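All remarks here apply to the structure that follows.
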Amino acid sequence: SQTIHQWPATLVQPVGSPLSLECTVEGTSNPNLYWYRQAAGRGLQLLFYSVGIGQISSEVPQNLSASRPQDRQFILSSKKLLLSDSGFYLCAWSPGGGEKLFFGSGTQLSVL
Amino acid sequence: KNQVEQSPQSLIILEGKNCTLQCNYTVSPFSNLRWYKQDTGRGPVSLTIMTFSENTKSNGRYTATLDADTKQSSLHITASQLSDSASYICVVRSTGTASKLTFGTGTRLQVTL
């Protein structure tokens, strides 16, 4: 069966520090991969999606970047965090061309 | 602009009671509508996916309805349990790329004794 792992679950970082959140999917190949951010009281916002290794699409301009070094690995990064980067970050995957979206357990990021 | 609006924003009900959550959308062109359950601090989990031709779909005590003409959906929870306490998110997909999902802000449901 397919599983998605996202870590860490909680992260507290000072302003200006770098960020690296990692997400891996097991039990499938060629998944579509996504990074979402969920701010309090707001709907999930798509940040990045990837349909293949090295293929990254950005939905909104921001202080973050994403990379897909391997088929089932998706990384969310920042060189210098801002206060406004605080939020709940969710990684998700879907089968290539599939309808269903499967979410990871999320990372609560607090930038202080 | 594609939008998904949910109501109420929050809801408190007694264990064993029924409740209905609402979702109105303006997403076009429409592909499907999904309801997710999200426990606090966790990722959303899919409850139902409904396409244009489906009016009702059930998943245990959860029943979703869709009226594509009025662009409304509801999620009915029967005989609520404490474990139903969560946020319920309505998500509408438009046709085109797989990334075009519009998320509602969710309804926060609390089931109490």
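Bear in mind that the values here come from a model prediction, so they are computed numbers and not experimental data.
Among the candidates A/Ser105, A/Ala9, A/Cys91, A/Ala92, the residue making the largest number of heavy-atom pairs closer than 4.5 Å to chain B is A/Ser105. Between chain B and the options A/Gly43, A/Gly106, A/Ser57, heavy-atom pairs under 4.5 Å are most frequent for A/Gly43.
By the rule that hydrophobic residues join a cluster once side-chain heavy atoms approach within less than 4.5 Å of another member, A/Ile56 and A/Ile75 end up as members of separate clusters. B/Phe103 and B/Val4 fall into different hydrophobic clusters, where Ile, Leu, Val, Met, Phe, Trp and Tyr residues are linked whenever their side-chain heavy atoms come under 4.5 Å apart, directly or through other members. Residues B/Tyr25 and B/Ile89 are members of separate hydrophobic clusters, defined by side-chain heavy-atom contacts under 4.5 angstrom among Ile, Leu, Val, Met, Phe, Trp and Tyr. Two different hydrophobic clusters hold B/Leu33 and A/Leu46 under the rule that ILVMFWY side chains link at heavy-atom gaps under 4.5 Å. In the hydrophobic clustering of ILVMFWY residues, with side-chain heavy atoms under 4.5 Å counting as a link, A/Tyr89 and B/Val45 come out apart.
Interface remark: B/Gln9 contributes no atoms to any contact with chain A (heavy atom separation under 4.5 Å). In this structure, chain B has a heavy atom under 4.5 Å from the side chain of A/Gln38, while its backbone stays farther away. Proximity to chain A is absent for every atom of B/Asp39, based on heavy atoms less than 4.5 angstrom apart.
Rounded to the nearest 0.5 angstrom, A/Gln108 CD and B/Thr40 OG1 are separated by 11.0 Å. The structure places CZ of A/Phe102 at 7.5 Å from OG of B/Ser46, a figure rounded to the nearest 0.5 Å.
Between B/Tyr36 and A/Leu101 the shortest side-chain heavy-atom distance falls below 4.5 Å. Residues A/Lys100 and B/Arg34 are not in side-chain contact: their nearest non-hydrogen atoms beyond the backbone lie 4.5 Å or more apart. Contact of the B/Leu101 side chain with the A/Tyr36 side chain is registered, since non-hydrogen atoms from C-beta on lie closer than 4.5 Å.
Residues B/Arg42 and A/Phe88 approach most closely at O-CE2, 3.5 Å, considering heavy atoms. For the residue pair A/Leu90 and B/Pro44, the shortest heavy atom distance occurs at CD1-CD, 3.7 Å.
The 12-atom threshold is not exceeded at CZ of A/Arg42, counting heavy atoms of other residues, nucleotides or ligands nearer than 6.0 Å.
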